[in-house]
Amino acid sequence: ETKIKNKKQRYAFISYSTINKEFTTKFVKSLRAGGYPVWFDLLDIPTGSRRDDEVKQALRECSTFVVILTPESIASENVKDEINYAIDQDKHILPVLLEACDVPLRLRRFQYVDFMTKSFEEGIDNARELLGNLAEEALAKFPTSDAQIAQKAEAEHKASQAAEVLAIHEAATYRMAKAEAEKL
């Protein structure tokens, strides 16, 4: 069983249809009990907060996007929007097939957890394994130590300086070419 122990690990966002909230709540609680950080609207939106703002922030900050697939979820405009955002933002994607449905085309290429053919315990074990693998990939993608953050900032600064020098060079080359053309 894979668990991520890094304190700065990023979490998985859960997308689902409210019709499936009973299963989803059990699924989330089982993942959390196994040590996996999961963002779930029913448990993580503070009272009095604006739901849309909280969902938007959670989607932006998550590393992994988990979607519970049922006929109701794939018909949901909110779930469709969340799927598209997650794919467009290059999030790790983990579909969870709960009921037979026409899996959206953009999700068909991803490895998924199949709760239709497995017991709940087998499905959770499979989900934990895949989430652990995705979380490890996400940790490699995002700096976690102060030294890594400083290295990334330095690399970004150097890249910015190089782009600035290139832009100045291109502008000078353009001006010289324009001056030559005007002489003719």
Determine, stepwise, if the pair L131 / R128 fulfils side chain to side chain contact (heavy atoms under 4.5 Å, CB included). CA-CA 5 Å; L131 274 177; R128 287 177 177 167; 5.8 Å; no

Atom CG of L43 and atom NZ of K29: how far apart are they, to the nearest 0.5 Å? 6.0 Å

Closest heavy-atom pair, F120 versus S30, reported as atoms and distance to 0.1 Å, is CE2-OG, 3.4 Å

Non-neighbouring partners of D81 that pass side-chain hydrogen bond (donor to acceptor under 3.5 Å, both in side chains), sequence neighbours left out: none

Are W39 and T64 side-chain neighbours, meaning at least one heavy-atom pair lies under 4.5 Å? no

List the residues meeting ring-ring contact (aromatic ring centres under 6.0 Å, His included) with Y112, not counting sequence neighbours, and say none if there are none. none

Can you see which heavy atom on P95 is nearest to which on L107, and at what distance? CG-O, 4.2 Å

Count the heavy atoms of every other residue, nucleotide or ligand shown that sit under 6.0 Å from CD of Q111, and state whether that count exceeds 12. no

Taking atom CZ of R50 as the centre, does the number of heavy atoms from other residues, nucleotides or ligands within less than 6.0 Å exceed 12? no

Quick one: do E54 and R51 make a salt bridge, cutoff under 4.0 Å? no

Could you check if a side-chain atom of V79 sits within less than 4.5 angstrom of a side-chain atom of I68, using non-hydrogen atoms only? no

R109 and I87 have their tightest heavy-atom pair at NH2-CG2, 3.7 Å

Min side-chain heavy-atom separation Q89-L59 under 4.5 Å: no

Compare all side-chain heavy atoms of L69 with those of I74 and state whether any distance is below 4.5 angstrom. yes

Return yes if some donor-acceptor pair links the side-chain N/O of K91 with the main-chain N/O of V66 below 3.5 Å, else return no. no

Test F110 against H92 for side chain to side chain contact (heavy atoms under 4.5 Å, CB included), laying out the working first. CA-CA 9 Å; F110 298 103; H92 292 288; over 6 Å; no

Could you walk me through whether L98 and E72 pass the side chain to side chain contact (heavy atoms under 4.5 Å, CB included) test, one step at a time? CA-CA 11 Å; L98 181 58; E72 294 81 14; over 6 Å; no

Side chain of D44, backbone of F40: donor and acceptor closer than 3.5 Å? yes

Output the distance between atom CD1 (I45) and atom CG (D52), rounded to the nearest 0.5 Å. 8.5 Å

When the side chains of residues 12-23 are checked against the rest of the protein, which donor-acceptor pairs come out under 3.5 Å, sequence neighbours left out?
from: S15; atom 1: OG; to: E82; atom 2: OE1; distance (Å): 2.5
from: Y16; atom 1: OH; to: D41; atom 2: OD1; distance (Å): 2.6
from: Y16; atom 1: OH; to: D41; atom 2: OD2; distance (Å): 3.3
from: S17; atom 1: OG; to: I19; atom 2: N; distance (Å): 3.3
from: N20; atom 1: OD1; to: T70; atom 2: OG1; distance (Å): 2.8

Supply the atom-to-atom distance N78 CG to S73 OG, rounded to the nearest 0.5 angstrom. 11.5 Å

Answer yes or no: is there a side-chain heavy-atom contact under 4.5 Å between K26 and I124? no

All heavy atoms of P71 vs all of C101, minimum pair found to be N-CB, 3.7 Å

Measure the shortest side-chain to side-chain distance between R60 and Q57 over non-hydrogen atoms and say whether it is less than 4.5 angstrom. yes

